[in-house]
Amino acid sequence: MPKLINQNSEMILTLENKKVKISNPSKIFWPEEKISKLDLINFYTEIAPFILPYLEGRPESLFRTPDGIKGLGFFQKDTSNLNLPDWIETKTVSKMENSLTKYLIINDLASLIYVVNLGCIEINPWASKGPDFEKPDYLILDLDPVESSFDNVIKTALIIKEILDDLNIEGYPKTSGKRGLHIYLPTGAKYDYAQIKTLAEIIANLAHRKAADFTSLERSPKKRKGKVYLDWLQNGLDKTTVAPYSVRPAIKATVSVPLDWEEIRSGLNPEDFNLKTVTARLKKKGDLFSSILYSTGFDLKKVLKKIS
DNA sequence: GTGGACT
DNA sequence: AGTCCACAACGCCCT
DNA sequence: AGGGCG
Ligand SMILES: [Mn+2]
Ligand SMILES: [Mn+2]
């Protein structure tokens with residue numbers, strides 16, 4: 001009896017006049033939810049106008065899961081041994097004196113779908129873009145619960161919101177798509193990573209002071225069990241955070257979704273925002289992050305003065 | 001998923 | 001032609 | 001100096 005399973009297949013998509021080869025489009029990426037690679041591609045095609053502004057010009061750290069969410073997955077930054085089409089932008093960075101890293105940059109729909117075909121379920125861009133890669137467009141506060149409830153994450157986010165209001169800083173929250181939240185503070189790309197990291201640490205410390213019983217600044221996960229880790233170290237050159245509107249390689253095909261602050265309250269469930277539901281939400285809400293990339297950002301000198 | 005090295 | 005393998009990286013902070 | 005962390 002010949003086996004007919006595991007047959008490879010291929011398909012060519014033409015996107016904005018660029019040809020993208022899709023390998024194994026019917027491969028199941030989420031077995032429980034029966035969501036295929038092609039379903040994922042269709043999702044990203046649909047929401048591309050939302051995600052692309054947060055990818056353009058930014059080097060990517062690829063996290064590739066070509067066997068779906070049950071597979072192992074691996075990271076890839078250097079794409080120099082990939083046979084990239086000439087319409088994909090890259091940025092080559094010299095590391096040590098003998099090695100170069102050729103980062104991929106997603107500037108358009110075809111590049112996005114090309115990357116999804118490689119097995120990237122999630123998209124992880126730098127916080128800075130060209131031409132000045134030293135200056136991030138936003139400061140990220142990353143709230144990571146460690147065996148702690150999502151209610152504690154919500155409480156932590158609201159405490160941070162109070163701090164930001166006091167300091168007259170804009171902040172924009174989104175689900176991480178897993179169990180935490182990310183808060184983006186627009187910078188106007190005026191400051192380098194070292195300056196931004198300094199402020200991130202200060203805000204994390206202020207929040208911890210206000211909520212010491214359920215937040216933590218400890219680097220060791222064992223020491224922060226039951227707490228929400230205030231991760232300010234995500235701010236640095238070559239660090240990445242999952243993009244707004246990125247799918248996650250996680251159960252339910254969850255999506256990292258920007259929220260209104262009014263939505264940050266008990267009852268919020270990150271699993272409600274997934275590949276099946278987000279399109280309808282975006283039609284209603286639009287892009288809640290849209291002002292981030294155009295904001296002039298906070299004035300660091302004034303903020304630091306106010307704190308001291 | 002893909003390209004290179006090795007068999 | 002088939003098989004195996006690689007595919008991130010770095011500042012920070014605790015010991 | 002070495003290791004764990006994201
Ligand atoms: Mn996180
Ligand atoms: Mn984190």
Side-chain angles (χ1 to χ4, degrees), chain A residues 6-13 20-29 36-38 40-41 59-85 88 90-104 111 113-127 133-134 136 140-146 176-182 192-198 200-202 204-205 208 216-225 227-242 248-249:
Chain A
N6 292 336
Q7 283 226 352
N8 286 352
S9 70
E10 228 173 63
M11 152 187 202
I12 307 284
L13 295 179
V20 182
K21 183 192 75 181
I22 307 299
S23 308
N24 304 310
S26 56
K27 189 173 200 172
I28 299 299
F29 272 13
S36 70
K37 186 178 180 182
L38 186 58
L40 179 65
I41 287 167
E60 292 291 332
S61 175
L62 307 180
F63 179 59
R64 299 177 56 187
T65 41
D67 293 322
I69 70 166
K70 304 293 186 189
L72 270 186
F74 57 93
F75 292 94
Q76 182 170 22
K77 292 182 179 177
D78 181 26
T79 58
S80 50
N81 56 3
L82 247 34
N83 214 346
L84 298 181
I88 292 193
T90 59
K91 171 184 167 62
T92 298
V93 175
S94 60
K95 296 282 153 178
M96 322 297 195
E97 34 190 282
N98 254 354
S99 84
L100 298 176
T101 302
K102 185 178 176 184
Y103 288 89
L104 187 154
S111 302
I113 300 307
Y114 179 91
V115 158
V116 176
N117 175 62
L118 290 175
C120 294
I121 292 175
E122 66 175 32
I123 309 293
N124 299 100
W126 286 14
F133 290 99
E134 303 291 328
I140 297 176
L141 296 170
D142 175 20
L143 310 186
D144 291 334
V146 180
S176 74
K178 295 204 169 168
R179 306 199 46 241
L181 290 173
H182 299 151
D192 64 24
Y193 277 108
Q195 293 170 294
I196 292 306
K197 183 184 295 187
T198 302
E201 179 178 17
I202 290 170
N205 277 284
H208 181 58
S216 173
L217 295 165
E218 291 286 351
R219 291 263 254 140
S220 164
K222 292 176 300 243
K223 293 186 182 172
R224 48 170 131 107
K225 270 196 192 145
K227 308 277 180 70
V228 176
Y229 178 46
L230 299 163
D231 185 359
W232 52 272
L233 287 162
Q234 220 47 41
N235 299 282
L237 186 66
D238 201 21
K239 305 254 188 203
T240 59
T241 302
V242 69
R248 305 303 305 270

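In what follows, every chain begins at residue 1, and chains take the letters A, B, ... in the order their sequences are listed. The figures here come from the full heavy-atom set of this structure, side chains too, leaving out hydrogens, waters and symmetry mates.
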Would you kindly give the CG-to-P distance between A:Leu100 and C:dA9, to the nearest whole Å? 12 Å

C:dC10 C1' sits how many Å from A:Trp126 CH2, rounded? 13 Å

When the distance from CZ of A:Phe74 to P of C:dA9 is rounded to whole Å, what number comes out? 14 Å

Holding to side chain to side chain donor-acceptor pair (under 3.5 Å), I want the full list of residues that pass it with A:Asp67, two or more places apart in sequence or in another chain. A:Lys27

What distance, rounded to whole Å, do you find between the two P atoms, one in C:dA8 and one in B:dG3? 15 Å

Using a cut-off of 4.0 Å on non-hydrogen atoms, how would the nucleic acid contact of A:Asp78 be classed: base, sugar-phosphate, or nothing? sugar-phosphate

Taken in chain and number order and not counting sequence neighbours, the residues that satisfy side chain to side chain donor-acceptor pair (under 3.5 Å) with A:Ser111 are A:Asp108

Who pairs with A:Lys178 by side chain to side chain contact (heavy atoms under 4.5 Å, CB included), at least two apart in sequence or on another chain? A:Ser176, A:Arg248, A:Ala250

Please identify each residue that fulfils side chain to side chain contact (heavy atoms under 4.5 Å, CB included) with A:Ala200, with sequence neighbours left out. A:Leu139, A:Leu141, A:Trp232, A:Asn235

How would you give the extent of chain A contacts on DNA chain D, as first and last nucleotide 5' to 3' within a 4.0 Å heavy-atom cut-off? D:dG4 to D:dG6

What residues form a ring pair (Phe, Tyr, Trp, His ring centres under 6.0 Å) with A:Tyr229, not counting sequence neighbours? none

Considering only the C1' atoms, how many Å lie between D:dG3 and C:dA9, rounded to the nearest integer? 15 Å

Sorted by chain and number, sequence neighbours left out, side chain to side chain contact (heavy atoms under 4.5 Å, CB included) with A:Leu72 holds for none

Protein-nucleotides 11-15 of chain C N/O pairs under 3.5 Å:
from, atom 1, to, atom 2, distance (Å)
C:dG11, N2, A:Arg219, NH1, 3.3
C:dG11, N2, A:Arg219, NH2, 3.1
C:dC12, O2, A:Arg219, NH2, 2.0
C:dT15, OP1, A:Lys223, NZ, 3.4

Answer yes or no: is there a donor N or O on one side and an acceptor on the other, between the side chain of A:Glu201 and the main chain of A:Thr198, under 3.5 Å? no

Residues that A:Lys37 engages under side chain to side chain donor-acceptor pair (under 3.5 Å), provided they are two or more places apart: A:Asn117

For A:Asp78, the side chain to side chain donor-acceptor pair (under 3.5 Å) test, sequence neighbours excluded, returns A:Ser80

Counterpart residues, side chain to side chain contact (heavy atoms under 4.5 Å, CB included), relative to A:Arg64 (two or more places apart): A:Leu62, A:Pro66, A:Phe74, A:Gln76, A:Leu82, A:Leu118, A:Cys120

Quick check: do A:Tyr193 and A:Asp238 have side-chain heavy atoms less than 4.5 Å from each other? no

Would you kindly give the OH-to-P distance between A:Tyr103 and C:dC7, to the nearest whole Å? 14 Å

With sugar-phosphate taken as primed atoms, P, OP1 and OP2 and all else as base, the protein-contact string of nucleotides 2-7 of chain B at under 4.0 Å (heavy atoms; B, S, -) is SS----

